[in-house]
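These notes are about the structure you will find just below.
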Amino acid sequence: MIDIDRYAVPTTPLLGRDGDMARVRSALDGSARVVLIRGEAGIGKSRVLTGMCERLTAEGWNVVRLGADELDRPIAYSGLRAALAGHADPALECGALTGSLVRLLDVATAAPVAAITATARVLFGELTEVTPVLLAVDDLELLDADTLALVTVLLRQPATNPLVLLGNLRTVSFSHASELPTVLHWSRERGQLREIELGPMGDAAIGELVTAATLPGGIDPAAAVATVAARSGGNPLFALQALVDISEFGIGGSTAPVAAVAADDRRRAFLDRVLRVDHEARLLARAVALMGMVTPTRMGVVAAMTGLEPRRAALAFDALIERRILVCGSEGGYRVVHQFVRDVLCGEIGPAQRWHWQRLIVEHLYTLPQSPETDLEIAAALHEIAEVGDDRAIEVLTRAAVQAGATAPRAAVPLFERAAALTRPGDPRAARLRSRLAGALLLAGRPQEAATVARTVLPATESGAERARLVTLTVDALVLTGALDEAADLIDAAVAAPDAGARLLAKAAHIHAVTDRPAEPLVTAAEQSIATEPIPEQIAALGHLIRARVMQSDFGALPELWRRLADAARTAPAAARLGATTVTAATQAAAGYTEAASATIAQAQSLATTACVVLYREDLTTATVYNALHLGDWASALSIAGEATADLEDTPTHRDTLTALTVEILAQRGEFAAAERALADPLSTDRHAIALREWARAALHWLSGDVRGARQTLVAQLDSSATPRWRRSQLLARLAAVETDAGARERGARLAADLLAEGEQILDRPTLVLSRLVHGWANADPEAVADGVRLADAYRLELLRGQGRLWLAELDADAEPHLMEAARIFGALSAAPWRRRTVVELRRRGIAIPRARTGARTTLTETEAQIARLVQQGRRNREIAESVFLSVKTIERYLTRIYEKTGTTSRFELARAVDGGLLD
């Protein structure tokens, strides 16, 4: 067998490439005669090629590794001769013939081309008589022209077994190897060319890489994965370099000072391997790295920075594009292919040269017409060189920050910070800039910092619209951090002013409802002035009134308020529509309006990709988990909650709500140990989150057999004066169920009756349905239970659908259909405690127990269906993750489940299935 490994590059682990390996293997099994592996430097082309050679060798292929080298390229037949030299031993199969060809290929022989071609055809004809033959080559563009011409001839000749050329390719220009375009054109024309583009590693593969690495103690693996992913962009070579940096400098990576000479040498070696360009191109690459993005109109400033005359600068620029070091960005300009490469290039720029280049960039950009894009470019350059008191810099930074704040509040934060830092003491602009900074921090999902900044600005802000806006902002931040009493005191002082508008009054009503203070007078005052307010103020006010009504347990008022909010937001900007839609989604999901919530959540997620506002992410995530809980999509709920909880340290109310919902699902599934671990997490002082957690804790006690513990937990929370009204109804309904299940039917019936007597308008849908079911169950009234079951079915409340049928079976003479459907529902939910109860009842009645289905499920959950649609639209995993507020790793897990349920094996097949009506 001819199997030369001397050109392998086993430097990057072959992780996360199973799909790519399968694509290459599939191409080799088809009609392809030429298979190209494409991708940027370091993406893993050599490792995939080497891995495929090893795999095919094990399968019995004859693998010939052709040599391709920058130095040997001018030598005729150097690539083929290097591959065959070690196999000219006559004792080996075809060894004598191989030896003859090697001698003909010797440059000193000057053998005629016809003799070389004839001998090569005979040799490879004999080889393909026995087994398939693979001609493999790293950096195909570097293969010498004579070997490539000969390979073209060999590919064209008939063979018993396939002869295939497998090569990796990075460059898009072939000026040095005129035969390569011929080979590609010939194979493409005949449908015999397959091109495999390697994409970045997924989070799962990066996690494997981090796990395999030996990191110093004290480094959080999850943080290491996130850092490596962010700095490498999924490029394996850059990921390895990032891991080395983490090992040496901690999570700060290469942004930390590099003191070791060895590290400097390693970086230079790294760039040498990636760049492969001359000094002028490398100098220009540094300039582009510093600028970030370069359009053709910016070539003048790049030439000025490097000192190159324009023609030579253009040649160097084109060389970087050819080597795929510069790639075209979404806005038509060119940027360095990876942030990691950019960081290393910027690290080669000395401080004096950096300052000089930044000044050149700013002076050039100042000559251009003013535009939001130019302001952002100037701001990026000014960030390092502007000095205190530079009015022009303050003006540009402020304009850029306002522009960024409309779509990317996280990017606006450092711009506002820098603009404020450039003001002199006593400058009136400082307070306005810090007020805007607080707003950007809040929108960026950093409420703790927003509250801190806002507190320092409030004393210096006079009454009027600006102060009202700042008060509202501060209150929002305080609510998100759990400082409810401080928020209430602050807003009470604000609404005492005669010019308090509808937004401030409605916000005060919301805060009063949350803190159990009188809210109705504020609701009335807000309603009286809403119609005269501008649309954005109406949207904000209606959103606060909706939240106030939920806190007051006035669920009957919600549908009309949702309608009014939707009408007001219909013509509003994307960010305002997102805020309105998120409020609606959050309250619909919490109230159990599952069908409406599903549609509204999908609408909000779509708007979120346009508005890029992070503030509503926590509300939208909580809404998604609440709705998934009600719909029975528990796997999705746990996955989403688990991903989000770690990122919600600054918003403890949302974090604790998600933790409580997680405990509830785990308890209902019988995963009691996991539920106990979740309960061990520290709890904030938010009263709603505390009550919700105790509601979930009671489920854990109840379903694990500790009825006394469940009763004590619920009674203690109900006796607490801090328990909010809305949560009190939920706690009472659960207590009624626990008491009835424990045999105290009279007490259970009385509790359920008391709840229903207060009126359906004050109960959310799950609490209403549970109250009706328990009331009928405790009173042995099958018709009342059946009415509750019909409501549960109509509202799509899965767990209650199963519980209602189980309880109905105890009262109905014809129990079998109810029990069979309950068993099916509990099985689909993986609600083990409830399914066990159903099985016990089936056995008691002598009814055959239904077997769990082992076939593939075809019904997708709401979240799975949404992800399938995004796949069908051609979205990549990272884009899908951004659209639905999940991590790439979670999207990968979802896709695995979707493939299993739908019987598909790839994105292409899934897209075809959706096209064919899978989700109809």
Answer yes or no: is there a side-chain heavy-atom contact under 4.5 Å between [X] and [Y]?
X      : Y      : result
Thr461 : Arg432 : no
Met293 : Arg298 : no
Val471 : Arg467 : yes
Thr452 : Arg455 : yes
Ile640 : Thr621 : yes
Val663 : Arg697 : no
Leu365 : Asp375 : no
Leu470 : Val457 : yes

* Report the C-alpha separation of Thr584 and Gln603 in whole Å, then their side-chain angles, then the decisive distance to 0.1 Å, and conclude whether the side chain to side chain contact (heavy atoms under 4.5 Å, CB included) test is met. => CA-CA 11 Å; Thr584 301; Gln603 183 185 358; over 6 Å; no
* To do: Go through Tyr593 and Leu558 one step at a time and tell me if the side chain to side chain contact (heavy atoms under 4.5 Å, CB included) criterion holds.
  => CA-CA 11 Å; Tyr593 285 71; Leu558 292 180; 5.5 Å; no
With distance as the sole criterion, is a donor-acceptor pair present between the side chains of [X] and [Y] under 3.5 Å?
X      : Y      : value
His512 : Asp492 : yes
Thr723 : Gln717 : yes
Ser435 : Arg469 : yes
Ser598 : Asn627 : yes
Thr767 : Trp726 : no

* Got a sec: does the CD of Glu387 have more than 12 other heavy atoms crowding it under 6.0 Å? -> no
* Is the CZ atom of Arg765 crowded by more than 12 outside heavy atoms at less than 6.0 Å? -> yes
Test item: [X] side-chain N/O and [Y] main-chain N/O as donor-acceptor pair under 3.5 Å:
X      : Y      : answer
Arg727 : Ala691 : no
Arg429 : Thr423 : no
Arg354 : Cys346 : yes
Thr600 : Ala585 : no
His654 : Thr622 : no
Arg728 : Leu718 : yes

Presence of salt bridge, [Y] and [X], under 4.0 angstrom:
X      : Y      : value
Asp619 : Arg547 : yes
Arg693 : Glu664 : no
Asp476 : Lys507 : yes
Arg549 : Glu520 : yes

* **Verdict with supporting geometry, Arg517 and Asp489, salt bridge (charged side-chain N to carboxylate O under 4.0 Å, His left out)** => CA-CA 11 Å; Arg517 302 185 187 193; Asp489 292 341; 3.4 Å; yes
* For Val550, which of Thr587, Val514, Leu545, Asp764 qualifies under side chain to side chain contact (heavy atoms under 4.5 Å, CB included)? -> Thr587
Using 0.5 Å steps for rounding, measure from the [atom1] atom of [X] to the [atom2] atom of [Y].
X      : Y      : atom1 : atom2 : answer
Arg418 : Leu397 : CZ    : CG    : 7.5 Å
Gln605 : Thr582 : CD    : OG1   : 9.5 Å
Thr624 : Ile601 : OG1   : CD1   : 4.5 Å
His510 : Gln552 : NE2   : CD    : 10.5 Å
Arg725 : Asp554 : CZ    : CG    : 8.0 Å
Ile539 : Leu578 : CD1   : CG    : 11.0 Å

* Check the pair Asp516 / Met551 against side chain to side chain contact (heavy atoms under 4.5 Å, CB included), numbers first and verdict last. => CA-CA 9 Å; Asp516 286 335; Met551 296 299 104; over 6 Å; no
* Structure fact -> What one should report as the nearest heavy-atom pair of Thr662 and Ala641 is OG1-CB, 3.5 Å
* salt bridge (Lys or Arg N to Asp or Glu O under 4.0 Å) with Glu363: which residues, sequence neighbours excluded? -> Arg359
* Which pairs count as side chain to side chain donor-acceptor pair (under 3.5 Å) when at least one residue sits in residues 525-545, sequence neighbours excluded? -> Arg503-Glu537, Glu527-Arg564
* Please lay out, stage by stage, how Glu449 and Arg434 fare under the test salt bridge (charged side-chain N to carboxylate O under 4.0 Å, His left out). => CA-CA 12 Å; Glu449 296 169 72; Arg434 291 188 64 76; over 6 Å; no
* To do: Assess whether side chain to side chain contact (heavy atoms under 4.5 Å, CB included) is satisfied between Phe555 and Ile762, documenting all intermediate values.
  => CA-CA 6 Å; Phe555 292 96; Ile762 64 106; 5.6 Å; no
* Quiz item: cation-pi between Arg392 and Tyr366, 6.0 Å / 45° -> yes
Side chains of residues 568-577: which donor-acceptor pairs under 3.5 Å do they make with residues two or more places apart or in other chains?
from   : atom 1 : to     : atom 2 : distance (Å)
Arg570 : NH1    : Asp567 : OD1    : 2.9
Arg570 : NH2    : Asp567 : OD1    : 3.3
Arg577 : NH1    : Ala572 : O      : 2.7

